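All of these numbers come straight from a predicted model, not from anything done at the bench. Residue numbers start from 1 in every chain, and the chains themselves are labelled A, B, ... in the order their sequence lines are given, proteins ahead of strands.
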Amino acid sequence: MKTGRILRAKVLAGLVAAGVLLPGAFAADWPRWGGPDPGRDMYSPARGLPDHFNPGNIDPNTDSVDLTGSKNVKWVAQLGSQAFGNVVVAEGKVFIGTNNEHPRDPQHQGDRSILMCFDEKTGEFLWQLVVPKLASGKVNDWEGLGLLSSPCVESNRVYLVTSRCEVVCLTTDGMAAGNHGPFMDEAQYVVGPGKPKAKIGPKDADIIWRYDMMDELGVFPHNASNCSVIIIGDIVYVCTSNGMDWTHSNIPSPNAPSFIALNKNTGEFLGEDDAHIGNRIFHGQWCSPSTGIVNGRQLVFWGGGDGFVYAFDKTPVPAGDTSYLKKVWWYDCNPPEHKVDPTGRPYKYPAADGPSEVNATPVFYKNRVYVAVGQDPEHGEGVGNLTCIDATQTGDVTKTAKIWSYDRIHRSLSTVSIDPDTGLLFVGDFSGFIHCLDAETGQLYWTHDMKAHVWGSTLVADGKVYVGDEDGDLVVFADSKEKKVISTTNLGAAIYSTPIVANGTLYVGTQTHLFAFYDQDAALKDQPAKVDIKLDTH
Amino acid sequence: MKASRRIAGGMMWLWLGFGATLTAARADAAQGWLSWRGPQQNGTSLETGLPDTVDPDHPLWTADFPGQSAPVVAGNRVYVMGYLGEEGDLQEGVICFDADTGKELWRKLYSDFLSDTVYLRYGTSSPAVDPETGNVYIQGTQGILAAFTADGKELWEHSLMEEYGRLTFPNSRTASPVIDQDLVITRGITANWGAQGPAADRFYAFDKRTGELVWASTPGGPPKDNSFSHPQLGWLEGKRVFYAATGDGAVVCVNARTGDPLWRVQLTKAGINATVLVHHDDKIISIYGTPYEPGMLVALKISKTMPTNAAAGPVLVDRKAVQLWSDPISTSTSSPILVGDRVYVVSEQGDLCSVDANDGKLLWRMKLGIEERNSCPVYADGKIYVPMLDDPAANTEESGEAGTKGALYIIKPSDAGGEILCHVSLDGRCFGTPTPYNGRIYLQTTRHLYCFGKAGDSAGLPAPVVEEAWPAPGPATQLQVIPSEVLMRPGQSVPVRVRELDANGFTVQDVTDVKSVKWTPFIPPTAKVRSNMKAAFNGDGELVATGDATPSAGAFQAQYAGLKGYMRGRVLPYLPLKQDFEWATLTETNAADNAMFAYPPLPWIGARFKFEIRDLDGNKVLAKTMDNAFFQRATVFIGDPSTRNYTMEADVMSEGNKRVMSEVGLVNQRYYIVLKGAAKELEVNSNLELFRHAAPFECTANTWYHLKTRVDVAPDGSGVVRAKAWKKGDAEPDAWTIEVPHAHAHQSGSPGLFAFAPLKRVYIDNITVTPNP
């Protein structure tokens with residue numbers, strides 16, 4: 001697991017050349033949202049993980065941490081005051097999105113979105129991407145939220161969506177390794193258009209290319225752009241976050257795409273979805289895609305702002321003056337009872353009993369797609385639905401592809417975790433419940449009331465289930481059919497992100513801090529050398 | 001000592017030592033829970049005998065009047081905001097119920113118009129009852145401010161949106177009016193005209209009897225959020241003041257008699273919605289935060305530093321200099337209450353917290369739910385009545401009721417903790433705050449108004465409120481001109497009153513010798529457009545607009561006995577209106593693209609910096625600005641809100657391409673008529689969620705179209721909105737592109753302009769407004 005970066009890059013290059021991609025080739029990294037698995041199952045085969053924690057003491061006024069008395073803490077990094085971005089660990093570096101409440105660079109004061117990069121071993125701050133806020137304000141770029149996207153790291157490149165509704169490609173090394181093009185004007189980028197340029201130093205990000213979805217496609221993101229992109233071969237797949245305007249009733253840009261493909265090397269536009277969701281968007285679009293191979297064909301799975309899950313063929317097809325990502329199948333995740341009330345009257349979005357969009361990431365697992373519906377937390381609690389969809393069909397599969405659905409879940413933002421060893425599925429919901437089901441049948445084994453909103457997802461690893469909540473509680477359950485709470489630890493600030501594990505270390509981001517938890521004794525035993533996830537890209 | 005006090009039953013008059021001379025205290029005509037925060041202004045009641053438990057299956061009565069309001073009670077009458085109906089027939093307003101029976105006594109409901117209200121967030125404010133007269137004052141989410149007698153007879157009404165540029169917000173949080181002697185004080189984010197053109201969180205005081213504007217106050221800067229933080233009245237350094245939190249993240253102190261901002265303390269970068277508390281007359285307790293970023297509960301020593309003069313603006317008080325304590329408890333919209341030395345507040349995440357007001361020490365917290373929004377606890381009879389947005393007991397995996405049930409807890413607090421006496425699930429979510437009065441608890445949910453308790457009078461009613469005497473005024477130092485702002489039509493006259501005020505803002509006397517008041521047109525030194533109102537004062541103290549049909553705006557200075565005061569106003573012509581912008585001289589330069597432009601007419605509300613008059617191919621047109629994306633959406637009012645049954649036309653154009661175009665349109669009698677290029681539609685809407693109708697209309701970018709719209713209202717109150725569009729230069733089509741009937745049609749409304757241009761610029765030209773034949 002200590003293979004050097006250069007060797008990794010060579011091996012990766014060789015695999016790509018051979019037409020076989022091992023996503024996140026060194027699978028003990030967590031190189032993107034969902035980790036090594038491009039199906040985005042919130043699962044890791046890691047072993048020897050800590051399950052009891054003491055985070056030390058955080059000063060509420062300065063957010064500084066005193067690690068006296070802490071337990072299983074490898075390092076702690078201070079973030080801004082909000083950090084919804086999920087942690088990614090790759091090539092010896094740790095990436096997380098946050099805001100600029102505690103500026104790392106005195107040139108940049110006030111509200112900014114920040115991608116921070118830390119050294120994996122020490123937690124030392126290495127560099128940051130500074131993203132100025134959009135001038136249009138909260139309608140497109142809600143103040144204070146920071147950078148929401150989890151980057152996708154591949155071959156010394158970092159791909160992410162900024163809060164300015166851009167897709168950017170960075171180097172993993174930052175400016176310390178020089179300014180690589182074609183994009184060279186970081187000094188202007190980091191302050192925004194029309195402002196005096198900043199002084200760029202080794203702790204700034206090195207942008208390779210940038211694609212502005214608002215300027216290029218007329219996208220109107222509702223409140224926030226957040227997609228955690230996925231890459232297949234040379235193509236980056238991105239949710240545009242096109243949505244409603246300030247009124248929550250009007251789609252200003254119905255002809256803008258909801259889902260696009262870009263060339264990962266150049267940022268060139270390659271294609272847009274043929275789902276034409278524009279006029280059907282309930283509110284916003286914040287789903288990140290996953291991918292998997294079904295019957296030899298690689299599909300990209302993504303949930304729309306209309307409550308459908310779409311499976312697109314990975315290859316854009318030219319048509320007229322654009323190219324389309326063609327739908328292979330589509331499935332309406334809102335059951336009929338969420339569309340009309342018992343008297344037959346349609347529910348009006350966002351009625352608590354009514355339909356929702358898909359914000360969670362569809363998880364591809366054994367030819368099935370698992371996803372729950374949910375809504376913007378601003379809309380509060382409401383009914384939900386978790387569906388297990390047969391991914392092998394084509395066309396409108398709403399009536400035919402449901403393997404099972406589970407309606408005792410509430411509105412959910414959470415992506416499922418499935419343990420391939422036990423077949424257990426875990427998922428949280430916004431009302432604060434954790435649900436444990438049989439992934440095969442949908443049978444419920446247990447629920448647990450966290451007594452706080454849950455925004456993030458569960459992580460299943462090492463026979464345990466890790467999840468955080470809005471009260472700041474990190475709860476560890478046993479990965480079992482019987483409910484067992486192993487530990488509950490308050491980390492001092494709300495946990496809106498998802499715990500992840502990389503190279504034997506568990507990372508948990510709160511709104512204000514990133515904790516790297518490591519149980520040295522346990523970690524020395526029983527670490528898997530590599531995860532055997534293969535993805536045939538033919 | 002300066003809050004209203006209650007006295008023992010037999011002792012009807014209480015004299016308080018304040019100043020050298022006192023005016024008589026007054027026993028209030030109306031008794032009850034007359035405003036949102038109750039008689040103590042802090043969410044506590046002195047009443048006893050209130051219920052320990054309630055049973056939602058057996059309330060005293062319920063009414064199907066959903067909303068997010070807190071009822072107010074005056075004697076045997078309950079007044080509450082709420083809404084009835086659905087879609088285009090939904091109306092919001094006030095209903096008066098008999099407190100014993102729940103029988104409806106009267107109602108006044110309004111159709112929503114031109115608002116951004118979504119998700120049925122109606123009835124978010126509370127009425128206020130004037131203790132002196134029993135009159136009732138309301139503010140609707142759409143900005144209707146209205147006064148009624150206790151029997152429901154309307155006294156006056158303002159459309160704050162069309163008269164003062166009040167903006168609406170999707171969160172719909174709306175101020176509850178506050179009565180202070182002769183004034184009714186309210187607030188909102190406004191973008192009016194002239195010096196009050198830039199959007200700000202402003203307070204307004206109207207004469208409670210006449211509805212005339214007495215003052216407008218701008219204590220802060222650019223707002224970050226809407227705020228419904230309720231002003232708390234008090235006394236400071238001999239002045240009648242109020243304290244409130246603001247949409248730009250500050251706590252302010254404002255002179256309640258003059259509107260002069262006295263000081264402000266910046267607390268946070270986001271807006272603050274929670275109402276402040278005043279503890280021991282020496283500290284303000286304020287709580288702030290957002291749903292996504294925790295804030296603080298803080299205590300601030302009340303600053304006694306006063307500004308050197310009103311024009312200098314409020315004293316900016318450094319938070320560090322006045323902060324006494326802080327506690328990491330946060331809410332975004334829910335307010336704390338004060339019971340003696342104890343602060344009770346429900347945190348954003350649903351924890352009821354008890355805090356020592358003296359030192360900020362958290363005594364205990366108990367989890368009652370997982371989220372609180374807008375609603376607040378009240379304290380009465382040794383118990384805290386705590387509504388919760390969602391009932392946690394209704395959210396279990398068995399019930400499937402998430403998001404449809406609220407909860408009410410009744411908790412007996414001590415310093416050791418809270419004892420839950422009662423916890424019930426209510427039908428509908430709780431955004432409203434309970435009202436305790438006369439042995440009963442009233443609470444409105446998003447489905448019902450509940451009244452719990454017993455019929456008949458309670459023996460536990462506290463003694464009647466007696467408002468303490470106000471200080472006698474000192475020597476006169478300034479004039480107050482009422483109304484302080486007018487909207488006139490050519491030839492119209494408006495009586496104007498002048499008062500002498502002392503240095504603290506108290507009325508010394510009314511100026512009766514109106515002939516001796518000297519009026520001169522006044523241009524503020526900061527004015528970007530140097531303009532006068534086409535009007536003059538006659539010898540009888542009346543302002544008379546000239547017959548000139550050109551719109552105008554400006555101000556006047558009054559001088560009398562060496563004292564000065566100011567008023568301002570606009571004159572807007574009668575129909576027909578015609579505007580082609582060819583008169584404009586383009587003398588300004590836009591810094592972003594160096595284009596020459598002229599400001600739009602000064603009396604237009606909400607126009608400046610959102611539109612510019614520019615030259616386009618040799619033609620002077622109104623162009624949407626693009627350099628400030630924050631102003632990408634704009635509604636401009638160009639007329640009088642009493643205008644009705646008219647036809648409006650204009651040429652409109654959007655730049656763009658096949659994929660992207662912007663929206664441009666008109667406002668006719670409170671209906672938007674919008675050409676939506678990207679959607680290829682001509683749309684009629686008034687609130688996008690409730691009243692929205694569109695017809696297909698093929699249009700392309702960079703092409704001028706002519707819009708024509710007409711509204712006709714029938715005697716029964718119904719109406720039809722008609723609109724058509726065609727390519728400019730083509731013959732007018734015979735048929736309307738869209739005709740929309742509306743059962744509760746808007747009876748009048750200012751003509752206006754609309755643009756929503758996030759990416760592509762739009763233009764408007766050749767505007768006409770003519771009476772319907």
**Q.** Validation row: S249(A), R692(B) side chains within 4.5 angstrom (heavy atoms)
**A.** yes
Q: State whether R429(B) and E381(A) are salt-bridged, where the test is any N-O pair (Lys NZ or Arg NE/NH1/NH2 against Asp/Glu carboxylate O) under 4.0 Å.
A: no
**Q.** Interatomic distance, L759(B) atom CG to S253(A) atom OG [nearest 0.5 angstrom]
**A.** 6.5 Å
Q) So which of M214(A), M450(A), E143(A), H453(A) has the largest heavy-atom pair count under 4.5 angstrom toward chain B? A) H453(A)
(Q) Can you give me the closest heavy-atom contact between S136(A) and F630(B), atom names plus distance? (A) O-CD1, 3.7 Å
(Q) Just verifying a value: how many Å separate K348(A) NZ and E87(B) CD, rounded to the nearest 0.5 Å? (A) 3.5 Å
Q: Could you please spell out the steps behind the salt bridge (Lys or Arg N to Asp or Glu O under 4.0 Å) verdict for E272(A) and R659(B)?
A: CA-CA 13 Å; E272(A) 60 187 287; R659(B) 201 191 284 271; 2.9 Å; yes
(Q) As an exercise: rank I370(B), T168(B), L120(B) by heavy-atom pairs under 4.5 Å with chain A and give me the winner. (A) I370(B)
Q: For E689(B) and H248(A), indicate whether the former's side chain and the latter's backbone hold a donor-acceptor pair under 3.5 Å.
A: no
**Q.** Between V139(A), L217(A), D469(A), the one whose heavy-atom pairs under 4.5 Å with chain B are most numerous
**A.** L217(A)
Q) When rounded to the nearest 0.5 angstrom, what distance separates CD in E470(A) from CD in E348(B)? A) 7.5 Å
Q. Is it true that a side-chain atom of K138(A) and a backbone atom of K224(B) form a donor plus acceptor pair closer than 3.5 Å?
A. yes
Q | Y349(A) versus chain B, the contacting section by heavy-atom distance below 4.5 Å | A | both
Q: Could you tell me which of E663(B), M296(B), K658(B) has the largest number of non-hydrogen atom pairs under 4.5 Å with chain A?
A: E663(B)
Q: Could you tell me which portion of D321(A) (side chain, backbone, both or neither) has an atom closer than 4.5 angstrom to a non-hydrogen atom of chain B?
A: side chain
(Q) Please classify the contact between P193(A) and chain B as side chain, backbone, both or neither, with a heavy-atom cut-off of under 4.5 Å. (A) neither
Q: Mind ranking P170(B), A270(B), G677(B), P758(B) by heavy-atom pairs under 4.5 Å with chain A and telling me who comes out on top?
A: P170(B)
Q: Could you tell me whether R345(A) and E86(B) make a salt bridge, using a distance below 4.0 angstrom between a side-chain N and a carboxylate O?
A: yes
Q.
Nearest 0.5 Å, please: how far is CD in E293(B) from CG in N99(A)?
A. 6.0 Å
Q.
Test your reading of the model: is there a side-chain donor-acceptor pair from K269(B) to the backbone of G110(A), 3.5 Å cut-off?
A. no
(Q) Can you tell me how far apart CE (M244(A)) and CG (L688(B)) are? Round to the nearest 0.5 Å. (A) 9.5 Å
Q) When you measure from the side chain of N255(A) to the backbone N and O of A678(B), does any donor-acceptor pair fall under 3.5 Å? A) yes
Q: Hey, could you give me the OG/OH distance between S81(A) and Y292(B), rounded to the nearest 0.5 Å?
A: 14.0 Å
**Q.** Side chain / backbone / both / neither for W246(A) at chain B, heavy atoms under 4.5 Å
**A.** both
Q: Let me know if E101(A) has heavy atoms under 4.5 Å from chain B in its side chain, its backbone, both or neither.
A: side chain
Q | Backbone N/O of D245(A) and side chain of R633(B): donor-acceptor pair under 3.5 Å | A | no
Q | Heavy atoms from other residues, nucleotides or ligands near NZ of K483(A) exceed 12 (cutoff 6.0 Å) | A | yes
Q: Sort Y496(A) into side chain, backbone, both or neither according to what part of it lies under 4.5 angstrom from a heavy atom of chain B.
A: side chain
Q) With side chains defined as the heavy atoms from C-beta onward, is the minimum distance between E371(B) and S431(A) less than 4.5 Å? A) no
Q: Pick one of side chain, backbone, both or neither for D449(A), based on which atoms fall under 4.5 Å of a heavy atom in chain B.
A: neither
Q) Between G380(A), G432(A), P252(A), which has the largest tally of heavy atom pairs under 4.5 Å with chain B? A) P252(A)
